Amino acid sequence: MQADDARYLKRKYKGGSLDVHPTEKALVVQYEVEATILGEMGDPMLGERKECQKIIRLKSLNSNTDIASLARKVVEECRLISPSRLPEVEQLLFYLQNRKKSAGMRRRIDCLCFVYSEKKEKKQIKPRDLTPFEGMELDEEANINSIDDYVELLYEDIPEKIRGATLILHLARNPDNLEELLQNGALGFYFYFSQFHGLITHYKIGVLCMSIIEHELKRYDLWQDELLKKKKNLKKEYEKALKKYHGLLTKQEQLLRVALYLLLNLSEDTRTELKMRNKNIVHLLVKTLDRDSEELLVLVVSFLKKLSIFLENKNDMVRNTLILEKLAKLVPCEHEDLLNVTLRLLLNLSFDTGLRSKMVQADLLPKLTSLLGDEAQRQIAMCILYHISMDDRFKSMFAYTDCIPQVMKMLFDCGDERIDAELISFCINLAANKRNAQIMCEGNGLKMLMKRALKHKDPLMMKMIRNISQHDGPSKNLFIDYVGDLAAQIGLKEEEEFVIECLGTLSNLTIPDLDWELVLKEYNLVPYLKDHLKPGSAEDDLILEVVIMIGTVSMDDSCAVMLAKSGIIPALIELLNAQQEDDEFVCQIVYVFYQMVFHQATRDVIIKETQAPAYLIDLMHDKNAEIRKVCDNTLDIIAEYDVEWGKKIQSEKFRWHNSQWLEMVENRQMDEAEPFMYGDDGEPYLQNGDILERSDLFYSADGIIPVDGAISPEFFTDFQNGDLLGPQGFPGSAQGIGRPESVVFILSVWC
C-alpha cells in the first residue's frame, strides 16, 4: 500500500474494566484502542487493536471528601468511563477512602513478589510505615501485549527480576488478563485461582517455597543469636544491630507471608497437602508462631486450622509440645481476626483428649472464660469450654473462675427464646460437679431454673436440674420445695423426654425428711409406676427411670408396703425376665430388691411368693461387677432371714469359689495341692464322724447372733471375714452400698 493512498486515520475507543490502584489513591481504567486507516474512498485499508491502561490519580481524596461529587467529576472528565458506571465509580472511591495503608489483602487478590538483600538496605523502615506491596512501584504502565518481554526479565539479574515480576503482578491484578497469563507457560507464580495450581505444581514452586521458608526460619534463629551476642557489647552497637534486625525482620515476614499464602492455596488439593505434611509443614508453621506480625500470624494460624481437620496433621500438632503454649499467648488479643481464627484452631484441637488437658495446663481456661463476655467470640469460646468440661478432672476448675455466674446470666437473659444448644449443653456438664452445682443454686438460682424448666417444659433445662439434684449436701435439700411441682408432671401427658428428667430428678432426692408416702398418695403415682413397668409400655429410657424411682421410694417402710400390695414386685420380676440382657435394667431391679428386703412386708413377698432369690443366685457370677456387688449384699440378707434359701446360697457360693477343687473331687484326682482340706496328719477334717463340708468351714453360724424375721436388719451384725459390718445399704450406714451407678446422661454437641 502506498502512503499516498492513506487519507484518513480513525480511532475507536472501547471501555474495559475499572479497578482501584493497588498502592496509590487512584483508579485504573483498562480500555481498548482500535486504530483504522481509511483510503481515499473511506474504505478501511489497515487496522490494529491495542490494550491500554489509564490511571486517574486522586490526590485530593481524604476522609472528608464528598464521594458522590468526586465520582461525578471523574465520569465527566474521563470519556473512557460511561455515565452508566457512576455507581461503580462511587463504590471504588468509597473503598479507596476507607482502605488502610497497612491492609493485609485487597478485595480480589493478595500476591506479593519481591526479593530483598541485607547488603543493599540503606534505610530503616518501621513495620507500621511499610506498605504490603513495597518494591513494586513503577514508572511505566504494564501492558498485556508486552507479556513476553516481562517474562524475559525474569531470567536477568536481580533488579530486572524485580521489575519483570512487578509488571506481571500488575497485569495479574486484572482478572481479564488471567486467561492470557495462563497461556504463557513460564508464569507458574500466580496461585490464587485453582486453574493455575497444576502449572505451579509442574514447575515445583511449592517445593521451592517450603525450602525458602525453612531457610528463612534458620536465618531468623541466626539473627537472634547474633543480636543476643551484641547485646552484651556496647549499647550503641546493639542499638544499630537492633535497627538492622527490625528492618530485615519486616522484609522477611513479608516474604514468609507470600510463600505461606501460596502453599495455603495449593493445599486445596489433599494430595498436595499430604506432600507438604511429609515435608514437615506443621513444624514450620508452629515455629513461625513466634512472630509478632499479626498479618503473618493470621495466615499461619489459618493454615494450621485447615490442616487440623485431618487426623495425621492433628497428631503432628500433638507431638509438637509447644503449639498450645504459643497459641495461648494469642488469647486474648486485640486483632479480632487473629483471635477468631486462633479460637477456631483451638476448637478443632479440643476434640483430642490429650490436647484438652494441655489447654488447661497452658492456663487457657480463665482466658476462654473471659471471652464469654465478647459477643463476637462467645460461641466459639463456649464450644471449647464445653469440650473441656466433658472431662471430670477439669469440671471443678470452673468453680474458681467467673464462668458459672456468666452462663447463668446468659440462661436467664434468654427469656422466652430458645436456649442455644451450646449454652445448655455446657451448663449440663458443669452441673455434674458438686461445687459448680452449689454455685448455680446460690441466691434464687435453683428457683429461676425450675421456673423456666416447668414453664417451657424444657427437657434439657430439666436435665441440668437433674444433675444438680444428684449431689448430697445443702443443694439437695433445696429441692424439697419443688417435689410437688416435679411429681405433678409425672401424671400429665407431657413429652416423654421431659417426664424422664422429672422422674430422674425425683429419684435423686434421697432426703430423710421427705415423706414419700404422702407424695405417692397425693399425686397417685403408684398406678403410673406399675403400669409403666410392663415391657413395651413405653420407651426403655422411661421404664428404667420408673425402676430407679421405685428403688428410691422403697427406702421408706410404708412406701415399700404400699408397693408390695399394689403387685409391683411380680411386675419387676416380669420386667427382669424381659430385660435380662440389659445390664442397666438388671442392676437397678436388683437394687430395688435390695431395698425391699430390709422391710418385713416386702421381704416376705420376695422370699416366699416369688423366685427372685433364684434369679439373684444366677446373677451372683454376672460379668458386671456392679450387678455382682448388689446381688451379694441382697443374698446375704436373704440368707439370714430364710434358712432354706440360706443353705442354697451357701452351697452356690461354695460351688463357685471352690469349683476347681470340686472338679478334682469329682474326678478323684485330689493331691497334696489342697492341704487346707486336711489335718496335720493328712486326714480330712471330721465332725461327728462326717467329713466337714467346705461351706461349714467358711459359713459356720457359731458365734453369730441368731436372727429371725421379727428383728430389724438394723440390729443385724455379721463377722464375715472377721469384720463387724453394719446393715449394708441401709440409710445412714457408713458401710452400706448406695444406688448403683446409672447411665450418665450428658448431652454431646460437636461443633
Side-chain angles (χ1 to χ4, degrees), residues 331-333 336 339-340 342-344 346-347 350-351 356 359-360 363-392 394-471 475 478-479 482 497-498 501-502 505 745-751:
V331 180
C333 68
E336 188 171 333
L339 177 58
N340 185 269
T342 301
L343 291 176
R344 292 183 181 277
L346 288 171
L347 177 59
S350 67
F351 284 88
R356 289 202 296 268
M359 287 181 190
V360 176
D363 203 29
L364 272 169
L365 188 58
K367 292 183 177 182
L368 292 168
T369 298
S370 67
L371 292 175
L372 292 177
D374 185 348
E375 188 173 353
Q377 316 296 346
R378 178 182 299 162
Q379 187 174 19
I380 305 175
M382 188 176 298
C383 289
I384 301 171
L385 290 171
Y386 168 76
H387 285 169
I388 295 175
S389 71
M390 293 173 64
D391 195 318
D392 290 336
F394 308 133
K395 284 186 173 72
S396 60
M397 294 184 180
F398 288 91
Y400 302 100
T401 68
D402 62 344
C403 177
I404 297 175
Q406 286 193 70
V407 296
M408 291 293 286
K409 184 179 184 301
M410 292 178 201
L411 283 177
F412 300 145
D413 287 347
C414 289
D416 292 334
E417 297 179 4
R418 186 176 181 273
I419 301 175
D420 290 339
E422 294 84 2
L423 174 58
I424 189 61
S425 302
F426 183 35
C427 291
I428 290 170
N429 279 3
L430 292 178
N433 175 266
K434 183 175 182 178
R435 178 58 187 146
N436 294 343
Q438 291 174 348
I439 297 175
M440 291 175 175
C441 293
E442 289 178 356
N444 291 323
L446 181 60
K447 180 180 179 180
M448 297 292 289
L449 292 174
M450 288 294 303
K451 182 178 179 181
R452 179 180 175 87
L454 294 173
K455 178 181 178 181
H456 297 280
K457 310 298 182 183
D458 188 343
L460 295 181
M461 179 71 80
M462 189 56 70
K463 188 184 293 289
M464 175 185 173
I465 295 171
R466 175 180 179 177
N467 279 359
I468 295 174
S469 69
Q470 70 181 328
H471 306 293
S475 58
L478 296 175
F479 281 87
Y482 307 105
E497 291 183 9
F498 182 69
E501 302 306 330
C502 291
T505 305
F745 295 95
I746 296 180
L747 179 69
S748 296
V749 178
W750 301 103
C751 307

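Predicted model, so just to flag it, every value in this text is computed and none were measured.
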Review point. So, for Thr369 and Gln406, which heavy atoms are closest and what is the spacing to 0.1 Å?
Key: O-NE2, 3.3 Å
Exercise for review: Only pairs at least two apart or in different chains count here, so list each ring-ring contact (aromatic ring centres under 6.0 Å, His included) that has a residue in residues 432-465.
Suggested key: none
Point to revise | Close side-chain approach of Met359 to Leu365, heavy-atom, < 4.5 Å | key: no
Check your understanding: Going by the ring-ring contact (aromatic ring centres under 6.0 Å, His included) test, which pairs reach into residues 396-434, not counting sequence neighbours?
Key -> Phe398-Phe426
Check your understanding: Ignoring hydrogens and geometry, is there a side-chain-to-backbone donor-acceptor pair from Glu422 to Gln379 under 3.5 Å?
Key -> no
Practice item. Indicate the atoms forming the closest heavy-atom contact of Leu423 with Met382, along with that distance. Key: CA-SD, 3.4 Å
Practice item. Would you name the heavy atoms of His387 and Ser350 that are closest together and state the gap between them? Key: ND1-OG, 2.7 Å
**Study point:** Test side chain to side chain contact (heavy atoms under 4.5 Å, CB included) applied to Leu411 and Leu449, step by step
**Key:** CA-CA 9 Å; Leu411 283 177; Leu449 292 174; 4.1 Å; yes
Check your understanding: Any idea which heavy atoms bring Ile384 and Leu343 closest together, and the distance?
Key -> CD1-O, 3.4 Å
Point to revise | Residue pair Ile465, Glu501: steps toward the side chain to side chain contact (heavy atoms under 4.5 Å, CB included) verdict | key: CA-CA 8 Å; Ile465 295 171; Glu501 302 306 330; over 6 Å; no
Practice item. Find out whether Leu430 and Met464 are in side-chain contact, i.e. whether some heavy atom of one side chain is under 4.5 Å from a heavy atom of the other. Key: no
Review point. Does atom CD of Glu497 have more than 12 heavy-atom neighbours, drawn from other residues, nucleotides or ligands, at distances under 6.0 Å?
Key: no
Check your understanding: Can you name the residues that form a salt bridge (Lys or Arg N to Asp or Glu O under 4.0 Å) with Asp420, not counting sequence neighbours?
Key -> none
Practice item. Would you indicate whether the side-chain heavy atoms of Tyr482 and Leu446 approach each other to under 4.5 Å? Key: yes
Check your understanding: CG of Asn433 to CD1 of Ile404: how many Å apart, nearest 0.5 Å?
Key -> 7.5 Å
Practice item. Compare every heavy atom of Ala431 with every heavy atom of Ala437, then report the nearest pair and how far apart it is. Key: CB-O, 3.9 Å
**Study point:** Main-chain N/O of Asn467 paired to Gln470 side chain as donor or acceptor, under 3.5 Å
**Key:** yes
Review point. Could you state the interatomic distance from CG (Leu339) to SG (Cys333), rounded to the nearest 0.5 Å?
Key: 4.5 Å
Check your understanding: Closest approach of Met390 and Lys395, non-hydrogen atoms and distance?
Key -> O-NZ, 3.5 Å
Point to revise | salt bridge (Lys or Arg N to Asp or Glu O under 4.0 Å): pairs with one or both residues in residues 432-454, sequence neighbours excluded | key: none
Check your understanding: If you measure from CE on Met462 to OG1 on Thr505, what distance do you get to the nearest 0.5 Å?
Key -> 5.5 Å
Check your understanding: Does CD in Gln438 sit with more than 12 non-hydrogen atoms of other residues, nucleotides or ligands closer than 6.0 Å?
Key -> yes
Review point. Any side-chain heavy atom of Met408 within less than 4.5 Å of one from Met448?
Key: no
Check your understanding: For residues 432-454, which residue pairs qualify under ring-ring contact (aromatic ring centres under 6.0 Å, His included), counting only residues two or more places apart or in two chains?
Key -> none
Point to revise | Any Leu371 side-chain heavy atom under 4.5 Å of Pro332 side chain | key: yes
Revision key, fill the gap. With sequence neighbours left out, the residues meeting salt bridge (Lys or Arg N to Asp or Glu O under 4.0 Å) with Lys457 are Glu494
Check your understanding: Is Ile424 close to Asp458 at the side-chain level, that is, under 4.5 Å between some pair of heavy atoms?
Key -> no
**Study point:** Spacing of Leu460 atom CG and Arg466 atom CZ [to the nearest 0.5 Å]
**Key:** 12.5 Å
**Study point:** Student check: side-chain heavy atoms of Leu364 and Ile388 closer than 4.5 Å
**Key:** no
Check your understanding: Does some side-chain heavy atom of Ile468 sit less than 4.5 Å from a side-chain heavy atom of Leu478?
Key -> no
Review point. Salt bridge between Asp363 and Lys367, side-chain N to carboxylate O under 4.0 Å?
Key: no
Review point. Could you state the interatomic distance from CG (Leu385) to SG (Cys383), rounded to the nearest 0.5 Å?
Key: 9.0 Å
Review point. At what distance, to the nearest 0.5 angstrom, does CE of Met397 lie from CG of Asp391?
Key: 9.0 Å
